[in-house]
Amino acid sequence: MLTRKLIGAMMFVLMLSAGGVQAGGDAAKGAELAADCADCHGDDGKGDDEVPGIAGMDAAAHAKKLADFQSGAIDSEMADYVEGLSEQDFADLAAYFATLPAE
Ligand code: HEC
């Protein structure tokens with residue numbers, strides 16, 4: 001009985017940590033990809049007069065925006081800059097920018 005409970009608890013923890021990595025994305029990987037975004041959004045992700053700031057953006061909302069740019073659901077020049085990126089790349093980028101301070 002005890003062993004079963006223990007195995008159950010371990011599985012639960014494993015599932016949580018595995019899910020966390022996927023849903024949250026890998027911020028370190030995102031930081032590498034973000035080099036391509038810095039030209040416009042700035043090294044700190046704060047943008048300027050013409051480009052919106054993306055630092056501190058909610059990761060889920062950010063990843064969805066990138067997917068919408070790619071699919072064309074949002075018509076934007078951003079489509080060119082997310083071309084060839086995967087859903088995992090979106091999650092990684094979003095995770096990275098979520099770690100940057102918005103102010
Ligand atoms: C050549 C300039 C340029 C590059 C490179 C670029 N962006 Fe953008 N980005 C823009 C502009 C301009 C907008 C606003 C236009 C729009 O929303 O249609 C924008 C909008 C966005 C938005 C929406 C922000 C909001 O609040 O709605 C996100 C998120 C974003 N970019 C992320 C990224 C990421 C991540 C990268 C790197 C993979 C990137 N951008 C590369 C110019 C750029």
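Throughout, numbering of the chain's residues begins at 1 and tracks the sequence. Here the structure is a predicted model, which means the values were calculated and not measured. All ligand and atom numbering here is 1-based and tracks the order in the structure.
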With heavy atoms only and a cut-off of under 4.0 Å, state how Leu66 meets ligand 1: side chain, backbone, both or neither. side chain
Protein contact to atom 28 (C) of ligand 1 [nearest heavy atom, distance to 0.1 Å]: Ile54 CG2, 3.5 Å
Going by heavy atoms in the side chains, are Glu50 and Asp48 under 4.5 Å from each other? yes
What residue and atom, counting heavy atoms only, is the protein's closest point to atom 36 (C) of ligand 1, and at what distance? Cys37 SG, 2.7 Å
Can you tell me if an N/O/S atom from Met78 lies under 2.8 Å from atom 8 (Fe) of ligand 1? yes
Of the protein's non-hydrogen atoms, which lies at the shortest distance from atom 22 (C) of ligand 1, and what is that distance? Phe69 CE1, 3.6 Å
Kindly identify the option in Lys64, Lys65, Glu77, Glu83 whose heavy atom sits closest to atom 27 (O) of ligand 1. Lys65
Which residue and atom name correspond to the protein heavy atom nearest atom 15 (C) of ligand 1, and how close is it? Ser76 OG, 3.8 Å
Shortest protein contact, atom 5 (C) of ligand 1 (heavy atom only): Asp36 O, 3.4 Å
Whether over 12 other heavy atoms sit under 6.0 Å from Lys64 NZ: no
Quick check: closest heavy atoms across Phe97 and Gly45, and the distance to 0.1 Å? CE2-CA, 4.1 Å
Looking only at heavy atoms, the pair that brings Leu93 and Gly30 closest together is CD2-O, 3.7 Å
Are there more than 12 heavy atoms of other residues, nucleotides or ligands under 6.0 Å from atom CG of Asp80? yes
Considering only heavy atoms from C-beta outward, does the side chain of Phe90 approach that of Val82 to under 4.5 Å? yes
Is the shortest heavy-atom distance from the side chain of Asp89 to the side chain of Lys29 under 4.5 Å? yes
Checking Gln70 side chain against Glu83 main chain: does a donor-acceptor pair fall under 3.5 Å? no
What residue and heavy atom of the protein are closest to atom 31 (N) of ligand 1, and at what distance? His41 NE2, 2.8 Å
Ranking Pro52, Ala79, Ala38 by closest non-hydrogen atom to atom 13 (C) of ligand 1, top hit is Pro52
Closest to atom 2 (C) of ligand 1 (heavy atoms only, candidates Cys40, Gly45, Ala34, Ala35) is Cys40
In ligand 1, which numbered atoms sit nearer than 4.0 Å to a non-hydrogen atom of His62? 29 (C), 32 (C), 35 (C)
